[in-house]
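Reviewing the structure listed below.
Chain identifiers are assigned alphabetically (A, B, ...) following the order of the sequence lines, protein sequences preceding nucleic acid strands; residue numbering begins at 1 within each chain.
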There are 2 protein chains.
Amino acid sequence: MALKIEMLRSFCVVAQTGSLAEAADRLGRSQSAVSMTLKQLEAHLGKPLFAGERKNRLSQLGEQVFELAARQVRQFDETVQSIEAVASADQGLIRIVSVPSVAALIFPQVLAHMTRRFPGLKIELRDTDSQQVLDALVEGKADLGIASGRHALNGITAQPLFRDRFGLVCATQHPLNRQARPPTIDDVVTESFLHNALCDMIETLRFRQAIESADITIHNTHSLIAMIRTGHWVSVLPETVAQFLPGATAFRPISDLPDRRDVYLYIRENARFRDETQDCAGFILSPAFKWPA
Amino acid sequence: MALKIEMLRSFCVVAQTGSLAEAADRLGRSQSAVSMTLKQLEAHLGKPLFAGERKNRLSQLGEQVFELAARQVRQFDETVQSIEAVASADQGLIRIVSVPSVAALIFPQVLAHMTRRFPGLKIELRDTDSQQVLDALVEGKADLGIASGRHALNGITAQPLFRDRFGLVCATQHPLNRQARPPTIDDVVTESFLHNALCDMIETLRFRQAIESADITIHNTHSLIAMIRTGHWVSVLPETVAQFLPGATAFRPISDLPDRRDVYLYIRENARFRDETQDCAGFILSPAFKWPA
DNA sequence: AACAAAACTTCAGGAAAACTGAAACGTGGC
DNA sequence: GCCACGTTTCAGTTTTCCTGAAGTTTTGTT
């Protein structure tokens, strides 16, 4: 039998949960159904996907297939969502994909403006990393995108949104915030430095070398903030992100770190609701748009 | 009912062929089956996907959905291929993705070397544009990639392969090849200039401005060559690509076009057949590898 | 070592789905 | 009005998918 998406999905859930029963529960079917599906998949591939007697350890092949299958399932679900969104919108639909830091910043205003201007308009917002933002645009899954860096893409125009300098983020009572002298890279990148995804955009060689030794990486911004608020840890973030942090944290420029991050707005040229999309882009780019500065 | 990949596939084929009968034929099922599937899909979305009585014109929504669905179906098929390839290979499997121009250059040698070194090894080669090469690597669909430009990717190492200057490509008897003085941008970018995808990698401003006015773009290299051989047309390509062209064409540097293209070899770090992949990469990078220079 | 619990597989039957050929339908051309 | 063409609907069949119950194997406990 041909490979089907539902087979891959079943396999992925079993691989994730490590148990048939648990997976069957999540998938909303009986154990036996899942068992049979899995057997079908293995029969199709001609090799076992699991190692050992139980389903809690993947074979070498299983690992590989899992990586591919998980991605495919996620991809498929996204497409389905997108198709359904496109179909259910007759008053108009704008799909925005953005890097998380900026998404939180702009969304409230965008929502307020657009719903007032176009009653009945649907807006969909998703956030991921810059790379996936661009992918979503190229694949026609989004009408507007916000990402770091300028990239030339077919059928998509790029507009500079703002620049953002990188700096120290720490608790307000942290010594590095209290000292008069602005901090340097060496001050900041110590044992208590937290590495995060945005750090990788910094090109200053001195800094790149320094963070080589950083042991802890935190991808999720919320967790990062929680750590920083304890007062023990510090990190480096773009100013706009830092300003969005709650009370007890501070942002300071780093004297020998000149890096900026350039954020661009990407506009899909042949969006279905061209006018609405253009209007939305125009609003974000207009002086009327207030950045929480 | 839930959206299924086969529904999307049916829709895509009908949209492409513009006829139920033809599509049913291609899909290997009866007309009525396809008709019902389509009706299901439309029912699910709540709106018609086609305009007019016949299936030969898509509605506005249909266009949108087609774009998304076509991409998804292609994506899915690729994943299935990849999964099956991974499963069927027990002697080892290396999946190489490359930009077309380089693929043709390296593949014969790579194949010869690897099959000798690892009998029973399977090799899979696919070619697409640079962007998709990188995507395939990130998505775990490829072990080795060859693409233009250096990009930092997680879990993937980049090695410079070669640099390539851009220059004029024309028929040997073309005036621009016969004249003693090396051609300039202005000589080359005239009415008979053909724009191609690789041109977009050139950064020299003068050239970028000049090709703005180019009316004809040819993406497929074979077609491009066919045009150039007529003697009426010229284009600009990297030297390595140009040298691969058949007899009656010539390559000449352009005096005021200093651009180079940097080609990198990307190696996925945790490929399943790590040793074979590393060996293959090592071979391509070694001095033993003879570039058809 | 014996027993019980847990984890999974197998099986038979039944529900849902997908498919087919035949007939019906609708539109445009003559 | 009637035919040709492309599509839809229908009824019946085949295929696929799922479930509950019973069976098997492994794991843990006393």
Are F66(A) and F50(A), when compared by the centres of their aromatic rings, separated by less than 6.0 Å?
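That pair fails the under 6.0 Å test.
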
Indicate yes or no for a side-chain donor-acceptor contact from H44(A) to the backbone of M1(A) under 3.5 Å, with no hydrogens or angles considered.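 Present.
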
How close or far is atom [atom2] of [N] from atom [atom1] of [X], stated in whole angstroms?
X	N	atom1	atom2	answer
H44(A)	dT16(D)	NE2	P	14 Å
F50(A)	dC8(C)	CZ	P	9 Å
M1(A)	dA17(C)	CE	P	16 Å
L3(B)	dA18(C)	CG	C1'	16 Å
Q40(A)	dT15(D)	CD	C1'	12 Å
L41(A)	dC8(C)	CG	C1'	17 Å
L27(A)	dC8(C)	CG	P	14 Å
M7(B)	dA18(C)	CE	P	6 Å

[X], nearest nucleotide to its side chain (from [options]):
X	options	value
K4(B)	dA18(C), dT20(C), dT7(D)	dA18(C)
M36(A)	dT10(C), dC17(D), dC8(C)	dT10(C)
T37(B)	dT16(D), dC10(D), dC19(C)	dC19(C)
K55(A)	dT9(C), dT10(C), dC17(D)	dT9(C)
R54(B)	dT19(D), dT7(D), dC19(C)	dT7(D)
S35(A)	dC18(D), dT9(C), dT8(D)	dT9(C)
R29(A)	dC18(D), dT9(D), dT9(C)	dC18(D)

Are the side chains of L49(A) and L61(A) in touch, meaning some heavy atoms are under 4.5 Å apart?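 They are in contact (side-chain heavy atoms under 4.5 Å apart), so the answer is yes.
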
### Message
Categorize E22(B) for me: base, sugar-phosphate, or nothing, with a 4.0 angstrom heavy-atom threshold over every strand shown.
### Response
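If one applies the 4.0 Å heavy-atom cut-off, E22(B) turns out to touch nothing in the nucleic acid.
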
Within the 4.0 Å heavy-atom criterion, would you say A33(A) contacts the bases, only the backbone, or no part of the nucleic acid?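 If one applies the 4.0 Å heavy-atom cut-off, A33(A) turns out to touch a base.
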
Any N/O donor-acceptor pair, S32(B) side-chain to dG21(C) base, under 3.5 Å
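Side chain to base: pair present.
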
Item to complete: Apply the test side chain to side chain contact (heavy atoms under 4.5 Å, CB included) to residues Q72(A) and Q75(B): give CA-CA distance (whole Å), side-chain angles for both, the deciding distance (0.1 Å), then the verdict.
Response: CA-CA 8 Å; Q72(A) 181 59 62; Q75(B) 244 269 177; 2.9 Å; yes

Q.
Between the opening five pairs and the closing five pairs of the helix from dA1(C)-dT30(D) to dC30(C)-dG1(D), how far apart are the helix axes, to 10°?
A.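 The value is 20°.
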
Should the pair K39(B)-E42(B) be classified as a salt bridge under the 4.0 Å nitrogen-to-oxygen rule?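 Salt bridge flag = no for E42(B) with K39(B).
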
Presence of salt bridge, E139(A) and K141(A), under 4.0 angstrom:
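Counted as a salt bridge, because a side-chain N and a carboxylate O are separated by less than 4.0 Å.
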
Please verify the inter-ring angle class for H151(A) with Y266(A); under 30° counts as parallel, over 60° as perpendicular, anything in between as tilted.
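Ring orientation, 0 to 90° scale: tilted.
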
Side chains of D143(A) and T277(A) only: does a donor on one sit below 3.5 Å from an acceptor on the other?
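No pair is found: no donor N or O on one side chain lies under 3.5 Å from an acceptor on the other.
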
Inset, instruction - Please check the phosphate of dC8(C) (OP1 and OP2 only) for any side-chain N or O of S19(A) closer than 4.0 Å. - result: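 S19(A) to dC8(C) OP1/OP2: side-chain N or O found under 4.0 Å.
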
request  = Respond yes when some side-chain nitrogen or oxygen of K39(B) is under 4.0 Å from OP1 or OP2 of dT9(D), and no when none is.
outcome  =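 Affirmative; the distance criterion is met.
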
